[in-house]
Amino acid sequence: MHDTNQDVIAGPVYKLGDDVNTDTQCSGKYLPGKDEAYIAAQAFDGVSPGFAGRFQPGGIIAAGTHFGINSSREQAVHILHRLGVAAIIAPSFGRQFFRNAINNGLLLVEYDTAGLAEGDHVSIDLANSELLAPARGLRQALRPIPPQIRAILREGGLIPFLHKYPDWSITE
């Protein structure tokens with residue numbers, strides 16, 4: 001999450017389609033040998049040419065079904081951080097990718113993105129479990145994120161969370 005002290009994540013939407021796999025954001029053809037900055041500059045070119053050049057830090061990716069399928073490559077989340085992705089909204093995620101994202105402090109929200117368009121401004125309110133897209137007149141309830149997961153996200157990932165809360169004793 002781009003601001004670890006708040007429960008509202010807001011930014012412009014950058015759209016991607018269905019079945020975006022981890023090779024399109026962190027291609028195996030660049031590993032090993034290329035650094036994260038180089039790989040991030042190529043991110044998503046196979047599904048949206050020039051995406052990394054258009055994407056602005058703090059943006060929110062709104063994708064189709066099955067985002068992050070294909071592998072357990074943790075570097076894919078690192079590339080998203082390098083791009084400055086604040087959150088990803090999609091109807092469904094690859095399960096290994098979902099867990100890698102949470103473990104590395106990246107917010108993922110399961111939500112049908114069909115009603116969102118490139119450039120829409122959205123807010124994700126974690127405290128109230130809702131998504132707002134004012135230009136679309138959207139105020140939609142989201143499945144609540146458990147307090148433990150919100151705490152992991154606030155701390156920037158599982159390892160920083162465990163350093164701060166080794167016994168998992170958090171207070172909301």
Side-chain angles (χ1 to χ4, degrees), residues 1-14 16 20-22 24-26 31-32 35-41 43-44 51-52 55-63 66-113 116 120-133 139-172:
M1 292 170 38
H2 69 286
D3 183 343
T4 58
N5 293 320
Q6 66 181 21
D7 277 332
V8 176
I9 307 304
V13 165
Y14 294 86
L16 289 171
V20 175
N21 69 54
T22 54
T24 65
Q25 66 207 55
C26 182
L31 298 171
D35 66 13
E36 282 186 357
Y38 178 84
I39 297 168
F44 303 110
F51 182 87
F55 190 87
Q56 295 296 308
I60 296 172
I61 293 175
H66 312 303
F67 187 91
I69 58 172
N70 193 38
S71 80
S72 59
R73 185 176 295 138
E74 192 169 337
Q75 294 94 334
V77 178
H78 298 198
I79 296 307
L80 293 166
H81 279 305
R82 171 70 74 160
L83 284 170
V85 174
I88 302 173
I89 307 166
S92 60
F93 294 92
R95 298 329 297 168
Q96 290 174 328
F97 175 80
F98 190 91
R99 191 62 204 174
N100 281 336
I102 300 301
N103 285 348
N104 286 281
L106 179 62
L107 174 63
L108 302 183
V109 175
E110 291 181 326
Y111 176 77
D112 183 359
T113 58
L116 298 175
D120 283 351
H121 190 274
V122 299
S123 296
I124 303 163
D125 183 337
L126 299 176
N128 295 307
S129 302
E130 62 184 5
L131 181 133
L132 296 93
R139 182 182 201 115
Q140 186 69 43
L142 299 172
R143 184 177 340 160
I145 296 174
Q148 296 85 354
I149 300 299
R150 287 177 45 207
I152 290 169
L153 293 168
R154 267 195 308 276
E155 296 305 322
L158 183 60
I159 299 301
F161 171 84
L162 289 173
H163 282 290
K164 189 170 183 177
Y165 304 103
D167 62 356
W168 288 80
S169 61
I170 60 166
T171 57
E172 276 290 298

Could you go through the side-chain contact (heavy atoms from CB on, under 4.5 Å) check for Leu107 and Ile145 one step at a time? CA-CA 10 Å; Leu107 174 63; Ile145 296 174; 3.6 Å; yes

How about CZ on Arg139, more than 12 heavy atoms from neighbouring residues, nucleotides or ligands closer than 6.0 Å, or not? no

Using only atom types and a distance under 3.5 Å, with no angle test, would you say the side chain of Thr22 pairs donor to acceptor with the backbone of Gly68? no

If you measure from CG on Leu142 to CD1 on Ile124, what distance do you get to the nearest 0.5 Å? 7.5 Å

Return yes if some donor-acceptor pair links the side-chain N/O of Thr113 with the main-chain N/O of Ala63 below 3.5 Å, else return no. yes

Can you name the nearest heavy-atom pair linking Glu110 to Ser92, along with the distance? OE2-CA, 4.3 Å

Listed by chain and number, what are the ring-ring contact (aromatic ring centres under 6.0 Å, His included) partners of Phe51, not counting sequence neighbours? Phe44, Phe55

Pairwise distance CG(Leu80) to CD(Gln75) - rounded to 0.5 angstrom: 12.0 Å

Quick one: side-chain contact (heavy atoms from CB on, under 4.5 Å) partners of Pro166, sequence neighbours excluded? none

CG of Leu131 to CD1 of Ile60, rounded to nearest 0.5 Å, is 8.0 Å

List the atom of Asn104, the atom of Val77, and the distance in Å for their closest heavy-atom pair. CB-CG1, 3.6 Å

Hey, what's the ring geometry for Phe97 with Phe93, parallel, tilted or perpendicular (30° and 60° as the breaks)? parallel

How close do Gly105 and Leu153 get, heavy atom to heavy atom, and via which atoms? C-CD2, 3.7 Å

Would you check, one step at a time, whether the test side-chain contact (heavy atoms from CB on, under 4.5 Å) holds for Asn21 with Phe67? CA-CA 6 Å; Asn21 69 54; Phe67 187 91; over 6 Å; no

CG-CG distance between Leu126 and Asp7, expressed to the nearest 0.5 angstrom: 5.5 Å

Which pair of non-hydrogen atoms, one from Arg150 and one from Ala127, has the smallest distance, and what is that distance? NH2-CA, 3.8 Å

Measuring from atom CD1 of Ile152 to atom CD1 of Ile102, what distance do you get when rounded to the nearest 0.5 angstrom? 7.5 Å

Looking at Pro144 and Ser129, what are the two nearest heavy atoms and their distance? CA-OG, 3.3 Å

Identify the two heavy atoms, one from Ala52 and one from Leu83, that lie closest to each other, and give their separation to 0.1 Å. CB-CD2, 4.0 Å

To the closest 0.5 Å, what do you measure between CD1 (Ile89) and CG (Asp112)? 11.0 Å

With side chains defined as the heavy atoms from C-beta onward, is the minimum distance between Phe161 and Arg154 less than 4.5 Å? no

